[in-house]
Amino acid sequence: MEYNFIDIEKNWRKFWAENKTFKAEDKSQKPKFYVLDMFPYPSGAGLHVGHPLGYIASDVYARYKRLQGYNVLHPMGYDSFGLPAEQYAIQTGQHPAVTTKTNIEGGTDNQGNKIAGYRNQLDIMGFSFDWDREVRTSSPEYYKWTQWIFKQLYNSYYDNTADKAQTIDTLIATFEANGNADVNAANDCDFTFSAEEWKAFSDKRKEEVLQMYRLTFLADSWVNWCPALGTVLANDEVVNGVSERGGHPVEQKLMRQWSMRIKAYAERLLTGLETIDWTDSIKDQQRNWIGKSVGASVQFALESGEDKIEVFTTRPDTIYGVSFMVLAPEHPLVDEITTAEYAEAVAEYKKQASLKSERDRQADVKNITGQNTGAFAIHPFTGEKVQIWIGDYVLASYGTGAVMAVPCGDQRDWDFAKHFGIEIINIFEGKDISEAAYTEKDAVIANSDFLNGLPAKKAIKLAIFEIEKRGFGKGKTQYRLRDAVFSRQRYWGEPFPVYYKDEMPYLVDDQYLPITLPEVDKYLPTEDGEPPLARAEKSAWNHFEGDRMEFNTMPGWAGSSWYFLRYMDPKNDNEFVAKEKVEYWQNVDLYIGGSEHATGHLLYARFWTKFLHDLGYVPFDEPFKKLINQGMILGRSSFVYRIPTIKSSSIIKPPNFKFLDVFISLNRLNQLKSNPKDWTLLKEQYSTFGNELVEDINKAYAIPVDINIVDNDILDLERYRSNLESVNEFKEITDLKFILEDDGTYICGHEVEKMSKSKYNVQTPDELVEKFGADTLRMYEMFLGPLEQAKPWDTKGINGVHNFLRKFWRLFNIDESGVAQLSNDAPSKDALKTLHKTIKKVGDDLDRFSFNTGVSNFMICVNELTDQKCNNKAILEELVILVSSYAPHICEELWVKLGNKAGTLSYAKFPEFNEANLVEANIQYPVSFNGKMRFKIELPTAMNPKEVEAAVLAYEQTQKYLEGNTPKKMIVVPGKIVNVVM
RNA sequence: GCGGAUGUGGUGAAAUUGGUAGACACGCUAGACUUAGGAUCUAGUGCCGCGAGGUGUGUGGGUUCGAGUCCCUCCAUCCGCACCA
């Protein structure tokens, strides 16, 4: 009987769904294993073959773990709040909840577009998800708990001494007892107050102060405002000054916004990286994003006036090398300190600097600019006068916006000093700084009073000690990481559980959660620029308190920062997750997803996990133990080449005249390019009245062509022609000519690039499942190459995998009545060897996430068993278990044909490897001479190295390769290789 | 500029601890078979050479009996960061 994948796959998917085969148990004696995919945003465009790559890998692994006896949690859900649904709602007036539902469940939208539906697309791939645990971030049952977590953050502050988050009540009690002078907490408060002062504060003032400590807080902050999107963006949503989504310009704007005090967790986010198994690339990106620098903040007094300039430096040991200071042009003290003499020049420089965009300032590294202010600071140690300059190489947004310039030790300072002829003091013993600064930390300090003779490391410590002792600074650690803006001026996001009274925020009581999204007449901002929620009538809110509700909504990353916890207990209406459940499931053992979330989702999820851990809600403080980033699957676009004609409209055309359009096959095009004569001939041939091929053959341009009408680079001419003729441009006015290869085919060119509609290179899984079956597609995606690597999609090889499954099926000798004709005899030695070799390799490969080599090993195994004419039931039964995690449908079918109960395969026992089956009496020794393999010789496995040596020397071919020499040495690695050294 | 990753046939790739480079698959060549199926089977396929043989894992060098694998140098491609004090 033939392998009929269509029926087989349909039946088993139905069976799994009806029997809830992949239901995970919350209570189990089995060890747990949690395999998670980054959850998708359900876009209307649906899935292409690149999306399921990670899902297939995680599913293969989840199934493998089940076979190993683990209780596996393998859920799926949707990150269903987001901009595309909202933009679509603005365009079509459809409620985003409706389009979101259609995108997930399939159907037709009100524009008449057929939507396949994410769920349907996922289902046909045969994933072993426990769908009873599905979550959607946009469902009120889910975002009730996103709001609840927000409330916990609001009611907490970060205690630096305990190094964890604590309830805000503790802080209030401290304020009441002692004020804030001794409070060591993450905060934005730049003044101190006593207990008496605190008690005297009005309620409003008290709350304003508390906002400076809460882990989520309202503050007027400079935000990345994107006018085109009408919303603010987080730092990681801005790439090169434009929005990550859509590429719209972004400007800085001061707005009252909710923020998350993620900075409080900077150090733990950094050190936590060492405890998790992620790629170096992602860890480095996070380290970079957090941007820790250790050093000191030092105050330089001004020569005149009360103010002091505070700088941050990582090299306080070089303080005696300071010969000038540089402020950012935007530094608040600039105008105040500039002397009359320089006022005009400074104003001019500030103007110039402000005209430059951030980008220009970055790009223009070579061009050194700056301006003396005429003012002087006093060097805190030497008491000498130090010039104060402004320069746009100093950024207002980093550190204090001012630097102490040490030209001998910093290249930028050195360049600046050289350019403006400022003194360069050498404080490094025996280092030449005439050509460049000496930036290494290995020099011994000289010319520096108490620091003389010390290496940098010790000098830094001593310098900080002195700076603190003398009271003009202190040791300080600086982070680049900034607090994350948490408000979005959008409709389709989580509402805040917040209302306002006298413009002060108050939390809504838990009993009223969730605050659901109110209906609005339009999904646009109001006329006076308020977010869309401001359009909602008072009665449209399910709960309304105070003067008004919060109009902002939460950003995209709110729901995704904790969703992995909700899968453990998705229907719990009393808690975000029950304690005993999170204690059983713990954190995610394997997390698979794209690397584009390196500094966004992956950082925020770590932050929220640490916070929930601090409050005692979860027993771990890292969410994802192991992370694998799957590589992008790129499209393979096909092209036809069109040689344009020069079209003149001025001449009068004869009746029935048609312009000419010439499409030339790839190889012919390349011939013409290297052969000017042929090109001239061709031009003469085609140039008729009113038609003139372009002068230059290189002007032939590539037009993307739908990959569905290209097979093996050969264009389906008929379909292409009829497609073209339906396009107006080509109708009637053109005569289509195709210059073909000698064999009459048209060969297309190709290029590897991202999959996109405009390139006609999108391959959907649906089409391939229809043609070859889900098992073939699953295996083929794994077979393409290492999971982490980016690779081009090419359907060419899929036949090979499909043929493998057919060959696998044939091993079972299934007769026309559907019965497998198999032998119950004891398996042959060869078959046992083949099987156990495969058990070992496939198991090892899965353990190191090498999914592609696993498929190869199945192919080798089936090839060998076919050659052996093996029809042994015991062998095939074990093989079915092995293959089942990759190709579950066909294996379920075969499993039943082997006489097993339907549905038990998923929980069968992964075959055990027995080394004894691999032992052979003889072994083929490759014999090398000076490292070059020359021939093989079969020798007993048991032979010791001495005997092997003698046997090789006695072998006739050995003499030939020795060429009369006596071997200097013989290397024998038992069971591996013999090398004769001459 | 800094950091990370990757360079192996016509193509996707394999080689897990230094031990037969190119497994497996696509494609291609030649043939067989047929109830014409994206079937199956046989042989071949890194490059040069009729052959013996030579040569070969981005470049150049080194360590080693032996290097795709380890060390150094340079080059290319991709990704991230970037006047970070």
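Order of the sequence lines sets the chain letters (A, B, ...), proteins ahead of strands, with each chain counted from 1.
Within 6.0 Å of atom CE in A/Met1, more than 12 heavy atoms from other residues, nucleotides or ligands are found, so the atom counts as buried in its surroundings.
Distance check on atom P: B/U73 versus B/G51 gives 43 Å, rounded to whole Å. Of the C1' atoms belonging to B/G46 and B/U11, the separation is 13 Å, rounded to the nearest Å. On the C1' atoms, B/G44 is 16 Å away from B/G10, given to the nearest whole Å. Between B/G68 and B/U16, the two P atoms lie 12 Å apart (nearest whole Å). A gap of 14 Å separates the C1' atoms of B/G7 and B/U69, to the nearest Å. Across the C1' atoms, B/C78 and B/G58 are found 15 Å apart, a figure rounded to whole Å. A gap of 10 Å separates the C1' atoms of B/A15 and B/U8, to the nearest Å. Taking the P atom of each, B/C28 and B/G60 are spaced 34 Å apart, rounded to whole Å.
A/Asp845 comes within 4.0 angstrom of a nucleotide base, judged by non-hydrogen atoms across all strands. Heavy atoms of A/Gln789 sit under 4.0 angstrom from primed sugar atoms or phosphate atoms, though from no base atom. Contact annotation for A/Val403: base contact, defined as any heavy-atom pair under 4.0 Å involving a base atom. Using a 4.0 Å heavy-atom cutoff across all strands shown, A/Phe783 reaches at least one base atom of the nucleic acid. If you check every strand for non-hydrogen atoms under 4.0 Å, A/Lys968 touches nothing. Counting non-hydrogen atoms under 4.0 angstrom, A/Asn863 reaches the backbone sugars and phosphates but no base. No contact: A/Arg636 has no heavy atom under 4.0 Å from any strand. Using a 4.0 Å heavy-atom distance criterion, A/Ser281 is classed as a sugar-phosphate-only contact. Contacts of A/Ile971 with the nucleic acid, taken as non-hydrogen atoms under 4.0 Å apart, include base atoms. No engagement by A/Ser928 is indicated, since no non-hydrogen atom pair under 4.0 Å with the nucleic acid exists. Nucleic acid contact class of A/Asp284 (heavy atoms, under 4.0 Å, all strands): sugar-phosphate only. Here A/Arg806 lies in heavy-atom contact (under 4.0 Å) with sugar-phosphate atoms only.
Distances from the side chain of A/Asn288 to the nucleotides B/C81, B/G54, B/G19 place B/C81 closest. Comparing atom distances between the A/Tyr961 side chain and each of B/C65, B/U20, B/G53 picks out B/G53 as nearest. Here the nucleotide nearest the side chain of A/Ile977, chosen from B/C65, B/A15, B/G19, is B/G19. Residue A/Arg810 places its side chain closer to B/C41 than to any other of B/G19, B/C41, B/C81. The side chain of A/Lys969 has B/C65 as its nearest neighbour among B/G4, B/C65, B/A13. Nearest nucleotide to the A/Lys796 side chain, out of B/G80, B/C83, B/C26: B/C26. Residue A/Lys932 places its side chain closer to B/U55 than to any other of B/G38, B/U55, B/A85.
We find that A/Glu915 and A/Lys840 are not joined by a salt bridge, their nearest charged nitrogen and carboxylate oxygen being 4.0 Å or further apart. Salt bridge A/Arg806/A/Glu2: present, at least one basic N to carboxylate O contact under 4.0 Å. At a threshold of 4.0 Å, the pair A/Asp415-A/Arg412 does not count as salt-bridged, since none of the basic side-chain nitrogens sits closer than that to a carboxylate oxygen.
Counting only Watson-Crick or G-U wobble pairs whose defining distances are both under 3.5 Å, the stems of 3 or more consecutive pairs in RNA chain B are B:1-7 with B:75-81, B:10-12 with B:24-26, B:27-32 with B:40-45, B:46-48 with B:53-55, B:60-62 with B:70-72.
Remark: A/Asn852 is not in phosphate contact with B/C24, judged by side-chain N or O atoms under 4.0 Å from OP1 or OP2. The phosphate of B/A85 has OP1 or OP2 within less than 4.0 Å of a side-chain N or O from A/Ser293. Taking 4.0 angstrom as the limit, A/Asn803 places a side-chain polar atom (N or O) nearer than this to OP1 or OP2 of B/U40.
For the residue pair A/Asp413/A/Tyr393, the side-chain donor-acceptor check at 3.5 Å is satisfied. There is a side-chain donor-acceptor pair under 3.5 Å between A/Asn863 and A/Lys807.
Between A/Ile937 atom CD1 and B/U20 atom C1' there is a gap of 15 Å when expressed in whole angstrom units. One can place CD1 of A/Ile747 at 13 Å from C1' of B/C28, the figure rounded to the nearest angstrom. In this structure, the NZ atom of A/Lys841 is 10 Å from the C1' atom of B/C24, given to the nearest Å. When the P atom of B/A39 is taken as reference, atom NZ of A/Lys807 falls 14 Å away, rounded to whole Å. As rounded to whole Å, 19 Å separates atom P of B/A5 from atom CE of A/Met632. The interatomic distance linking A/Arg480 (CZ) with B/G80 (P) rounds to 14 Å, in whole Å. Rounded to whole angstrom, the span from the CG atom of A/Leu784 across to the P atom of B/G12 amounts to 11 Å. Atom P of nucleotide B/G38 and atom CG of A/Leu768 are separated by 16 Å, given to the nearest angstrom.
Ring-plane geometry between A/Tyr61 and A/Phe851 is classed as perpendicular, the angle between the planes exceeding 60 degrees on a 0 to 90 degree scale with a lower cut at 30. In this pair, A/His802 and A/Phe772 present their aromatic rings perpendicular. The plane angle is above 60°, beyond the 30 to 60° band. Taking the six-membered ring where the residue is Trp, A/Phe812 and A/Phe808 present perpendicular rings, their angle passing 60° and hence far from 30°.
The distance between the ring centers of A/Trp793 and A/Tyr780 falls below 6.0 angstrom. Taking the ring centroids of A/Phe324 and A/Phe416, they lie under the 6.0 Å cut-off.
Syn is the glycosidic conformation of B/G9, whose angle stays within 90° of 0.
A donor N or O paired with an acceptor N or O is found under 3.5 Å between the base of B/U20 and the side-chain atoms of A/Lys936. Scanning atom types as modelled, one donor and one acceptor separated by under 3.5 angstrom connect the side chain of A/Asn979 and the base of B/C65.
Judged by closest nucleotide on RNA chain B, A/Ile282 is the one of A/Ser595 and A/Ile282 placed further toward the 5' end. The residue among A/Asp867 and A/Gly931 whose nearest nucleotide of RNA chain B is located toward the 5' end is A/Asp867.
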